[in-house]
Amino acid sequence: MTLRVKKTGFSSSTREVQVQVGQPLNLGQITLQPETSQRVVGIDLTHRSFGLSGSNALQNYRQVQSTLESEGYRVVQVTTDLLNTLPSLDGLLVLSPQAAFSVEEKAAIQAFVLNGNKLVLTAEWAGFGGFSHANANQMLAPFNLELGTDTLRSTDKTGFLSTTNFEEHPMVSGIQQLKFFQASSVRLGQLGQAGALPVRTEDNTFRIVNTIGAFGLIGVAPFGSGNVIVVGDSSLWSDEDSDGNQVSNLDEADNRKLLSQVFSW
């Protein structure tokens with residue numbers, strides 16, 4: 001069998017190994033060499049994020065770009081021709097898309113992830129801001145992740161969702177709390193297939209449709225050599241101060257740390 005060891009920021013290492021049932025295998029030390037080229041994250045602005053065209057969609061998300069740049073990434077705004085831009089990217093961030101993805105774009109995104117890259121998509125609740133669950137879910141279908149058309153809110157009726165309900169996953173390592181600002185639920189398309197929900201709401205969350213429980217807020221799924229991450233709320237990374245406490249949403253709880261770890265994982 002072929003064993004491939006991969007970590008963001010390092011060149012992968014591949015070995016051919018023979019595995020026997022019940023027999024431990026000592027691979028010794030595996031050293032990965034740092035990549036010399038700067039990793040590139042594209043922010044897709046070709047699908048009318050938040051119902052807006054081009055760079056207007058980033059008017060409340062300037063800190064997303066500056067945060068990633070401070071982590072050493074080169075960030076490009078993809079305002080035209082996503083198909084020809086994808087091959088130059090290592091990661092693609094799609095913020096609350098409204099417009100449909102073409103057949104060619106969906107195929108190219110699948111190939112992009114399959115080849116070891118990362119797709120991150122953020123959503124909104126119940127179509128807020130023009131977000132289209134249908135168009136997003138059509139693009140996400142091959143990755144075994146989907147978004148509900150519902151709205152998740154805490155029973156304290158503030159509309160905000162602070163959660164400490166995490167499953168063990170490197171993407172949320174060291175994160176103590178996340179604060180969402182209403183969200184769409186995230187779920188696996190088919191249970192038993194690849195994927196996980198490492199972040200859920202607390203047990204006191206209600207879903208409009210009148211269901212109380214713990215629901216997925218973030219979903220992750222491997223696909224080929226790459227990974228897909230779906231976040232049920234775009235507002236947690238916004239520059240806005242949704243709750244009026246003089247703190248931007250991005251700086252609430254560990255929201256900024258999550259942004260960094262989504263792309264470094």
Side-chain angles (χ1 to χ4, degrees), residues 47 49-51 57 60-61 63-64 93-98 119-137 139-140 143-167 169 171-172 175-189 195-221 228-245 247-262:
H47 293 89
S49 295
F50 311 105
N60 293 319
Y61 289 82
Q63 290 187 77
V64 166
L93 173 60
V94 183
L95 293 167
S96 191
Q98 181 183 73
L119 168 66
V120 182
L121 183 143
T122 67
E124 278 295 348
W125 55 276
F128 177 76
F131 172 65
S132 172
H133 289 81
N135 289 336
N137 282 336
M139 190 267 282
L140 293 171
F143 307 120
N144 197 40
L145 291 168
E146 63 182 23
L147 291 148
T149 56
D150 47 15
T151 302
L152 302 180
R153 300 188 65 172
S154 171
T155 52
D156 64 14
K157 299 184 181 179
T158 63
F160 307 135
L161 290 166
S162 292
T163 186
T164 59
N165 191 0
F166 308 124
E167 293 183 5
H169 192 279
M171 190 184 69
V172 293
I175 288 179
Q176 302 299 313
Q177 184 184 52
L178 294 172
K179 187 169 183 179
F180 295 75
F181 299 87
Q182 299 193 111
S184 168
S185 64
V186 182
R187 54 183 180 249
L188 300 179
L197 301 174
V199 180
R200 291 180 179 270
T201 65
E202 303 288 357
D203 290 336
N204 67 344
T205 302
F206 73 90
R207 179 168 66 98
I208 305 175
V209 205
N210 296 326
T211 305
I212 295 177
F215 306 95
L217 283 167
I218 298 178
V220 299
V228 179
I229 299 98
V230 177
V231 183
D233 176 35
S234 297
S235 299
L236 85 164
W237 290 336
S238 169
D239 301 341
E240 295 178 289
D241 175 17
S242 294
D243 59 3
N245 67 350
V247 177
S248 71
N249 295 352
L250 180 63
D251 286 320
E252 293 280 6
D254 291 319
N255 292 1
R256 188 186 292 268
K257 184 175 182 178
L258 175 70
L259 174 64
S260 298
Q261 293 187 181
V262 160

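Just so you know, these numbers come straight off a predicted model, no measurement behind them. In what follows, every heavy atom counts, from backbone to side chain, and hydrogens, waters and symmetry copies are set aside.
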Check your understanding: Under a 4.5 Å cut-off applied to non-hydrogen side-chain atoms, are E167 and R200 in contact?
Key -> yes

Review point. Are V94 and L119 side-chain neighbours, meaning at least one heavy-atom pair lies under 4.5 Å?
Key: yes

Check your understanding: Under the 3.5 angstrom rule, does the side chain of S96 hit a backbone N or O of F131 as a donor-acceptor pair?
Key -> no

Practice item. To the nearest 0.5 angstrom, please state how far the CZ atom of F180 sits from the OG1 atom of T205. Key: 10.5 Å

Exercise for review: Show the numbers, then the answer: is there a side chain to side chain contact (heavy atoms under 4.5 Å, CB included) between N204 and S154?
Suggested key: CA-CA 6 Å; N204 67 344; S154 171; 4.0 Å; yes

Revision key, fill the gap. Between the CG atom in L147 and the CZ atom in R187, the distance rounded to the nearest 0.5 Å is 8.0 Å

Check your understanding: So which heavy atom on S234 is nearest to which on Y61, and how close?
Key -> O-OH, 3.2 Å

Review point. From L93 CG over to T122 OG1, what is the distance, rounded to the nearest 0.5 angstrom?
Key: 6.0 Å

Review point. Hey, are E202 and T164 close enough side-chain-wise for a donor-acceptor pair under 3.5 Å?
Key: yes

Exercise for review: For N60 and S238, test the side chains for any donor-to-acceptor distance below 3.5 angstrom and give the result as yes or no.
Suggested key: no

Check your understanding: CG of L95 to NE2 of H47: how many Å apart, nearest 0.5 Å?
Key -> 13.0 Å

Review point. What are the two closest non-hydrogen atoms of A57 and S49, and how far apart are they?
Key: CB-O, 3.5 Å

Check your understanding: Do any N or O atoms from the side chain of N165 and from the backbone of T201 form a donor-acceptor pair under 3.5 angstrom?
Key -> yes

Review point. For the residue pair W125 and F128, does the interplanar ring angle fall in the parallel (under 30°), tilted (30 to 60°) or perpendicular (over 60°) class?
Key: parallel

Point to revise | Shortest non-hydrogen contact between L236 and D233, atoms and distance | key: CD2-O, 2.8 Å

Exercise for review: May I ask you to test the S184-D150 pair for a side-chain heavy-atom distance under 4.5 Å?
Suggested key: yes

Point to revise | Point-to-point distance, once rounded to the nearest 0.5 Å, from CG of L178 to NZ of K257 | key: 10.0 Å

Study note, to complete from the structure: For S132, the side-chain contact (heavy atoms from CB on, under 4.5 Å) test, sequence neighbours excluded, returns A134, N135

Point to revise | Residue pair L258 / V199, side-chain heavy-atom distance below 4.5 Å | key: no

Exercise for review: Please name the pair of heavy atoms, one in Q182 and one in T151, separated by the smallest distance, quoted to 0.1 Å.
Suggested key: OE1-CG2, 3.8 Å

Point to revise | Residue that, paired with V228, satisfies side chain to side chain contact (heavy atoms under 4.5 Å, CB included) out of N144, L140, L121 | key: L140

Practice item. Go through the steps for I218 and L197 under the test side chain to side chain contact (heavy atoms under 4.5 Å, CB included), then give the verdict. Key: CA-CA 6 Å; I218 298 178; L197 301 174; over 6 Å; no

Review point. Quick one: does Q98's side chain get under 4.5 Å of F50's, heavy atoms only?
Key: no

Review point. Should the ring pair F181 and F160 be called parallel, tilted or perpendicular, given that the plane angle runs from 0 to 90° and is split at 30 and 60?
Key: perpendicular

Review point. For V262 and M171, which heavy atoms make the closest approach, and how far apart are they?
Key: CG2-SD, 3.7 Å

Study note, to complete from the structure: Per side chain to side chain donor-acceptor pair (under 3.5 Å), K179 is matched among D243, T163, D251 by D243

Revision key, fill the gap. Note: R256 and Q63 closest approach over all heavy atoms is NH2-OE1, 2.6 Å

Check your understanding: S242 and N249: side-chain donor and acceptor closer than 3.5 Å?
Key -> yes

